[in-house]
Amino acid sequence: MTDFFKGIAPLRYEGPDTTNEFAFRHYDPDEVVMGRTLRDHLRFSVTWWHSFAWEGGDPFGGRTFERPWFGDTMDHARLKADAAFELFTILGVPFYAWHDLDLRPEGATFSESRDRLTEITDYLGQKQEETGVRLLWGTANMFSHRRWMAGSATNPDPEVFLYAAATVKACLDDTKKLGGQNYVLWGGREGYETLLNTDLKRERQQAGRFLCMVVDYAKKIGFDGTILIEPKPQEPTKHQYDFDVATVYGFLKDFGLEGEVKMNIEQGHAILAGHSFEHELAMAASLGLLGSIDMNRNDYQSGWDTDQFPNNVPEVMLAYYEILKAGGFTTGGTNFDAKLRRQSLDPEDLVLAHAGAMDVCAAGLKAAARMLEDGELERRRAERYADWEREGAILESDLETLAARVVREGIDPRPRSGRQERLENLVNRYL
Ligand code: XLS
Ligand code: NI
Ligand code: NI
C-alpha cells in the first residue's frame with residue numbers, strides 16, 4: 001500500500017444527476033447494452049507510461065510532477081506498481097498497458113535490463129492475482145534511448161536490429177506470462193528524417209522481415225493474444241512508415257501477414273494522418289483488421305499529438321458506432337493513451353481525468369448503441385445503394401458490354417441528394 005491516493009475511495013456509479021465529483025454519471029459497469037455489460041464492451045485500460053512514468057515535461061521545461069516513485073531503483077519500480085494498481089482499483093478498470101521502459105529502469109547491459117523486466121513483471125503478476133486487473137497489452141519502447149534514434153528494425157545498423165529482436169522477444173515473453181490479451185508494435189522511430197540518407201526500400205524490407213519474426217515467435221511460444229500494429233503518420237520522425245490503416249494494410253499484404261496482425265487505432269494519430277477516427281476504424285473494420293483503440297485526442301487548434309483525455313461525446317459516439325457495427329472488441333479494448341496536462345499535479349487529477357474519460361466513452365457508446373439498434377441510419381445508407389441489389393451483375397461484366405448497354409438503353413443517370421445534413425440531424429437525435 002502507498003498513501004498516494006489516500007482518502008480516495010473506489011468510484012461508484014451514481015447516475016447523471018449526482019453532484020459527487022468522485023462518481024460515475026454514465027459508466028455503470030454492470031449496465032447491459034446490446035447484450036453485453038459496459039465493462040465488457042468498453043474494456044478500459046490505463047497506461048503505465050503517461051500516468052506513472054511521464055514526469056510532466058515538455059520541450060520547454062522538465063518535471064512538474066512530484067511522485068514518490070520517481071527514481072531509478074527497483075524499489076521505485078515496485079512502488080510505482082503499487083500506486084498503479086491502487087489507481088486501477090479506484091477506477092474499477094479491468095485492464096492496463098505498459099512498455100518495458102515504463103516498468104523498470106534500464107540495466108547496464110541487455111541481460112540486466114531483461115532480468116529486471118522479468119523481476120518486475122513477476123511482481124505485476126502477483127498484483128494481477130490480488131486485484132483481478134489484467135494486462136490489455138505489452139509493448140517495447142524502442143524509441144527513447146539514443147540507440148534507437150535511427151529506428152529499430154529499420155535501422156541502418158544491423159546490431160540495432162539484433163537488439164530490437166532481443167527486446168521484443170523479452171517483452172513478448174513477459175506479455176504472455178501475464179496473460180496479455182494483445183501485443184502492440186507502434187513504429188516508434190521506424191521512418192525517416194530525410195530521404196537523402198534513407199534507403200526506403202531496404203528499410204521497409206527489414207521492417208517486414210522483423211514483423212514476420214515476431215509473428216513466428218508469438219506462435220512458437222503459444223501466445224494466444226493478438227499482435228497489433230499502431231499506425232501513425234509522423235512524430236517522432238518526419239515520415240513514419242506505418243502511416244495509416246490503409247498503408248499498413250498494403251505492408252501486411254506484401255509480407256503475407258494480413259491474417260496474422262490487426263490494428264490498434266489511436267484517435268490522435270488518425271487526425272495527424274488527415275483522417276477522422278471513425279474513418280480509420282471503418283477502414284480497419286472493412287479490411288477485417290480492427291483490433292483495439294487508443295482513446296486520446298489531439299488539441300483541436302495546435303494540431304499536435306497532445307494525448308488528451310477524450311471529452312467530446314459526439315466524437316466518441318461515432319467511433320464506438322464503427323466498433324459496435326463491427327461486432328465490438330474481442331481481445332481489444334479502450335486504452336487511454338492519454339496524459340494529464342502538466343499543471344494537473346494532484347493525485348485527484350489523475351483519478352478524475354480517467355473517470356471523466358470513462359464517462360464520456362460510456363455516454364458515447366450508449367448513444368452509438370441506440371443508433372445502431374434503431375437502425376434508421378443503416379436503413380438510409382442501404383437505401384442509397386439499393387439499386388445495386390438488382391444490378392450486381394454489372395460488376396461481373398466487362399467494359400464493352402457495359403458500353404453497349406448504355407447506348408442501347410439510352411442510360412442517362414439522374415443525380416440524387418446525398419442528404420448529409422439530414423443524416424447529421426438524425427445522428428444528433430441519439431445523443
Ligand atoms: C505514440 C504511441 C505510443 C503507443 C505505444 O504516439 O501512441 O504511445 O501507443 O508505444
Ligand atoms: Ni500516440
Ligand atoms: Ni498509442
Side-chain angles (χ1 to χ4, degrees), residues 43-55 57-59 95-103 117 135-145 148 151-154 164 167-168 170-172 174-175 180-191 207 210-211 214 225-245 248 261-275 277 280-281 284 290-299 302-310 319 331-340 354 357 361:
R43 293 167 61 85
F44 287 128
S45 158
V46 171
T47 56
W48 215 272
W49 53 103
H50 287 318
S51 291
F52 297 99
W54 182 60
E55 299 182 341
D58 73 5
F95 294 107
Y96 69 104
W98 50 253
H99 301 86
D100 48 357
L101 187 63
D102 313 322
L103 295 179
L117 186 66
L135 178 62
L136 187 66
W137 46 267
T139 187
N141 178 325
M142 300 196 294
F143 44 90
S144 293
H145 192 281
W148 310 117
S152 48
T154 64
T167 301
V168 170
C171 289
L172 250 172
D174 287 349
T175 298
Q181 309 262 307
N182 307 273
Y183 185 83
V184 166
L185 294 124
W186 166 59
R189 293 185 190 270
E190 307 294 44
F210 190 81
L211 188 57
V214 172
T226 312
I227 307 275
L228 300 171
I229 289 208
E230 184 177 322
K232 186 174 185 181
Q234 72 255 336
E235 195 202 58
T237 67
K238 173 186 159 59
H239 178 96
Q240 302 268 131
Y241 293 132
D242 295 336
F243 197 92
D244 61 0
V245 168
V248 174
V261 175
K262 290 198 161 91
M263 237 53 99
N264 182 41
I265 300 169
E266 177 165 320
Q267 183 187 19
H269 298 182
I271 292 168
L272 276 180
H275 302 307
F277 196 17
E280 286 292 78
L281 294 166
L290 186 55
S292 197
I293 61 171
D294 274 5
M295 185 56 106
N296 44 282
R297 67 173 180 84
N298 295 356
D299 180 272
S302 75
W304 297 336
D305 184 13
T306 48
D307 289 331
Q308 289 176 242
F309 284 90
T331 62
T334 302
N335 179 50
F336 294 119
D337 192 354
K339 57 176 179 263
L340 292 172
H354 285 93
C361 290

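Order of appearance sets the numbers: ligands from 1, and atoms from 1 within every ligand.
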Enquirer: Below 4.0 Å from any atom of ligand 1, is there a heavy atom belonging to Val184?
Expert: no
Enquirer: Without swapping roles, check the side chain of Asp244 against the backbone of Pro231 for a donor-acceptor pair under 3.5 Å.
Expert: no
Enquirer: Quick check: Lys232 and ligand 1, any N/O pair under 3.5 Å apart?
Expert: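 Yes, at least one N or O pair falls under 3.5 Å.
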Enquirer: Under 3.5 Å between any N/O of Thr139 and any N/O of ligand 1: does that happen in this structure?
Expert: no
Enquirer: Report the part of Asp305 in contact with ligand 1, treating N, CA, C, O as backbone and CB onward as side chain, heavy atoms under 4.0 Å; options are side chain, backbone, both, neither.
Expert: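 Side chain only.
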Enquirer: Surrounding NZ of Lys262 (heavy atoms of other residues, nucleotides or ligands, distance under 6.0 Å), is the total greater than 12?
Expert: no
Enquirer: To the nearest 0.1 Å, how far is atom 9 (O) of ligand 1 from its closest protein heavy atom, and which atom is that?
Expert: Glu230 OE1, 2.7 Å
Enquirer: So, does Thr139 use its side chain to make a donor-acceptor pair with the main chain of Val184 at under 3.5 Å?
Expert: yes
Enquirer: Listing by chain and number, what protein N/O/S atoms are under 2.8 Å from the Ni ion (ligand 2)?
Expert: Glu266 OE2, His269 NE2
Enquirer: Verify, without hydrogens or angle tests, whether Glu280 (side chain) and Glu266 (backbone) share a donor-acceptor contact under 3.5 angstrom.
Expert: no
Enquirer: Do Leu103 and Trp48 make a side-chain contact, defined as non-hydrogen atoms from C-beta onward lying under 4.5 Å apart?
Expert: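 Counting from C-beta outward, Leu103 and Trp48 do come under 4.5 Å.
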Enquirer: Give a yes/no verdict on whether any heavy atom in Glu235 is under 4.0 Å from an atom of ligand 1.
Expert: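 The answer is no, since Glu235 has no heavy atom less than 4.0 Å from ligand 1.
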Enquirer: So, Asn296 side chain and Phe336 main chain: donor-acceptor pair closer than 3.5 Å or not?
Expert: no
Enquirer: Looking only at N/O atoms, are His269 and ligand 1 under 3.5 Å apart anywhere?
Expert: yes
Enquirer: Near His99, which atoms of ligand 1 are under 4.0 Å from a heavy atom of that residue?
Expert: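 Every atom of ligand 1 under 4.0 Å from some heavy atom of His99: 5 (C), 10 (O).
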Enquirer: Would you find a donor on one side and an acceptor on the other, under 3.5 Å apart, between the side chain of Arg297 and the backbone of Ala338?
Expert: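 A pair under 3.5 Å: no.
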Enquirer: Under a 3.5 Å distance rule, please check whether Ser292 uses its side chain to pair with a backbone N or O of Gly333 as donor and acceptor.
Expert: yes
Enquirer: Report yes if Asp337 has an N/O atom closer than 3.5 Å to an N/O atom of ligand 1; otherwise report no.
Expert: yes
Enquirer: Rounded to the nearest 0.5 Å, what separates atom CH2 in Trp186 from atom CG in Asp337?
Expert: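 If I round to the nearest 0.5 Å, the distance is 9.0 Å.
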Enquirer: If every non-hydrogen atom of His354 is compared with every non-hydrogen atom of Ser51, which pair is closest and at what distance?
Expert: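 Result for this residue pair: CE1-OG, 3.2 Å.
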Enquirer: Is there a donor-acceptor pair closer than 3.5 Å between any side-chain N or O of His275 and the backbone N or O of Ala270?
Expert: no
Enquirer: Could you list the atoms of ligand 1 found under 4.0 angstrom from a heavy atom of Asp294?
Expert: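 The list of qualifying atoms is 9 (O).
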Enquirer: So is Trp137 in contact with ligand 1, going by heavy-atom distances below 4.0 Å?
Expert: yes
